[in-house]
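Below is one structure, written out as structure tokens, with a few remarks after it.
In what follows, chains are A, B, ... by sequence order, proteins preceding strands, each numbered from 1. Just so you know, these numbers use all the heavy atoms, side chains as well, and skip hydrogens, waters and symmetry mates. Owing to the predicted nature of the structure, the values given are computational and were not obtained by experimental measurement.
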Amino acid sequence: MSILGFLDKYGDKLIKAIGVHLQYVFISVTIGLVIALILGILLSRVPKISKIVIPIIGVFQTIPGLVFIGVLFIYLGMKPITVIIALSIYAIFPILKNTYTGIVNVDESLKEAARGCGMSNVQILFKIELPLAMGAIFSGVRMSTIYTVSWAVLAAMIGLGGLGEFVYRGIDTNNKVLIIGGALPAAILAIILGLFIDFIQNRITPRGLKGGK
Amino acid sequence: MVSVFLENENDAIDREELYMIVYENVSKKYNDVTVVDNLSLTINDGEFVVLIGPSGCGKTTTLKLINKLIKMDEGTISIDDKNIMNIDAVELRRKIGYVIQQIGLFPNMTIEENISVVPKLLKWSKEKCHQRVCELLELVNMPYEENAKKYPNELSGGQQQRIGVLRALAGEPPIILMDEPFGALDPITRENLQDELKVLQKKLHKTIIFVTHDMDEAVNMADKIVFMSKGKVLQVASPEEMLNKPADPIISNFLGKLSFSPNGNDLTCADVMKKKVLIVPETKKTLECVALMKKRELNSAVVVDVNDKFKGAVTIENIREHGKPGEMISKILDTQIETVMITTNAKEAFDKLIETKADYLVVLDRDKTVAGIITGSSMTKALASVVWGEEN
């Protein structure tokens, strides 16, 4: 089947699936980002505790997404919220870890200079630590986004659409074209979203933080 | 008592000893190690006080107790008769300038934003902040148009620390704390900044407390030197007095390093060169260059590129003959200048000076930046001090 033939037959479905997929990714990464930022900031205040807590959170990351969505499905049923919760939780960790290390790695002498200037802790956080951790936070967001694009394929496992639907149906019916028709757009989506995040990062990073240091 | 800090600097000069800082029986321990030991000290308003001593003597801790970056265990520190324990730490720090060795400019902010950090914290109006930035940049001859929108990583180390000092001055604090501010800079830049700071201090009448472990620097800058050892003050004296009558063997020992004179054969270019050289970037215009030379009573200047690497030299005659007004000096600079490395043996440099009949040799650091120049007279002076001892 040619590409045009494929698009002719499945075009509408494909666009709808991409839309659903993007929704999953966007909502989950947004929720993940908010939670991760808050947790990352809080953990950076207590580095001693964080050295224990962060590896423990990291362990959850290693639970296969398939298992996790399956378990949530049992409790929450076949609703989009099941997928969103699962993906959000997976989106948290890369951002959380990078937010934490980004903040903790801010040069001690800069923090001392800021304190010496008479900044309060909150001012140091928002004017110095977070801006300087921005690069690390962005790479966390990029990582989470790209992961989430691929994990969102699992949504179809519990019948909730997205590009995974093509893949699963393709596997069920032994239709290679359908499998590729779902996998390829997912890969392209991941690349495009990654580039988009790079673009935004590049736009908002001040010149003083670019280039080398 | 009026509020601890007045808003208008002029008021400060009218009243005597307004911002006097008094330490009374101050102690600070880390675990079981006593870093500051029952220290009492008075620093008068407008005084330039240098805290000096071997590393680990507690000088930096003593400094940081004033703006409460370190909390003392015992005793009191009062500023203008007010116990600092009763002043909120954040409020206190906004009224005390602070300069550190690592410079600590915020890399995410422009030069203008860096300088106006404290004014903004003090909620000055936008216009007032802007005006303050302009006048401060003017103070160190870094024009606003050229520098304000740059980021710290676009400036040289010396320029960065100038901005560091300006940031400390920006909120018009009566007191400025400096923790080895010039320690990380190369010798020439350090000397230049020392000179500039002295001029600033004369102009602005700030109380400056300055930590260093460099006796040269202390003697050069201080109204009063406080020599510390093991958390205690050994001597408080003017530089002359301390040099003439050190009160303790530890001090004479420390000073001894200052007057150590090497054997003639061991001399390198670093020992016989003149560090005060007029260095200009190659992008400077001819007329500006002439003005600078006149101001410093020199007839030549060493020219460097944007990375401070040595390019050549210009003389005043050269500019008069070939230079056109408004032209960059890179067009007329003489690149055929004899150079030596800073580690070169002085004897070799001496031979070269005689052989080439040059007026001077330019001494370069390993990274091709200019360390100084050797002239006939700088060589003679250095040799004389070896032969007859270090007198001057």
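Pairs engaging residues 65-84 of chain A under the ring pair (Phe, Tyr, Trp, His ring centres under 6.0 Å) rule: F68(A)-Y90(A) [sequence neighbours left out].
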- Message: Show, in sequence, the C-alpha distance, side-chain angles and deciding distance for I128(A) and M109(B), and conclude whether the side chain to side chain contact (heavy atoms under 4.5 Å, CB included) test is met.
- Response: CA-CA 9 Å; I128(A) 311 298; M109(B) 300 182 189; 3.8 Å; yes
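Proximity to chain A (any heavy atom under 4.5 Å) is shown, for K68(B), by neither the backbone nor the side chain. Heavy-atom distances place no part of P152(B) under 4.5 Å from chain A, backbone and side chain included. Both the backbone and the side chain of M119(A) come within less than 4.5 Å of a heavy atom in chain B. Contacts of L122(B) with chain A are absent, with no heavy-atom separation under 4.5 Å from either backbone or side chain. Only the side chain of V117(B) comes within contact range of chain A, judged by heavy atoms closer than 4.5 Å. Using a 4.5 Å cut-off between heavy atoms, K120(B) makes no contact with chain A at all. Using a 4.5 Å cut-off between heavy atoms, Q123(A) touches chain B through its side chain atoms alone.
Residue N153(B) comes nearest to R207(A) through the heavy atom pair ND2-O, 4.3 Å, listed as atom of the first residue, atom of the second, then distance. Minimum interatomic distance between R94(B) and G118(A) (heavy atoms only, all atoms of both residues): NE-O, 2.7 Å. When all heavy atoms are compared, the tightest approach of A113(A) to G104(B) is CB-O, 3.6 Å.
When each of P131(A), S109(A), S120(A) is checked for heavy-atom pairs under 4.5 Å with chain B, S109(A) comes out on top. With chain A as the partner, the residue from V90(B), L177(B), N67(B) showing the most heavy-atom pairs under 4.5 Å is V90(B).
Between P107(B) and L110(A), some side-chain heavy-atom pair lies under the 4.5 Å cut-off. The shortest distance between side-chain heavy atoms of Q102(B) and E112(A) does not fall below 4.5 Å.
Rounded to the nearest 0.5 angstrom, Y151(B) OH and L209(A) CG are separated by 7.5 Å.
More than 12 heavy atoms of other residues, nucleotides or ligands lie within 6.0 Å of CG in N86(B), so this atom counts as buried by the packing criterion. Residue-environment remark: CG (L42(A)) exceeds the threshold of 12 foreign heavy atoms within 6.0 Å. Around NZ of K29(B), the count of heavy atoms belonging to other residues, nucleotides or ligands within 6.0 Å does not exceed 12. In the displayed structure, Y147(A) atom OH is contacted under 6.0 Å by at most 12 heavy atoms of other residues, nucleotides or ligands. Other residues, nucleotides and ligands contribute more than 12 heavy atoms inside 6.0 Å of the CG atom of D367(B). More than 12 heavy atoms of other residues, nucleotides or ligands sit less than 6.0 Å from atom NZ of K150(B).
Residues that satisfy the salt bridge (Lys or Arg N to Asp or Glu O under 4.0 Å) test with D73(B), not counting sequence neighbours, are K28(B).
For N108(B) (side chain) and K127(A) (main-chain N/O), a donor-acceptor pair under 3.5 Å exists by modelled atom type.
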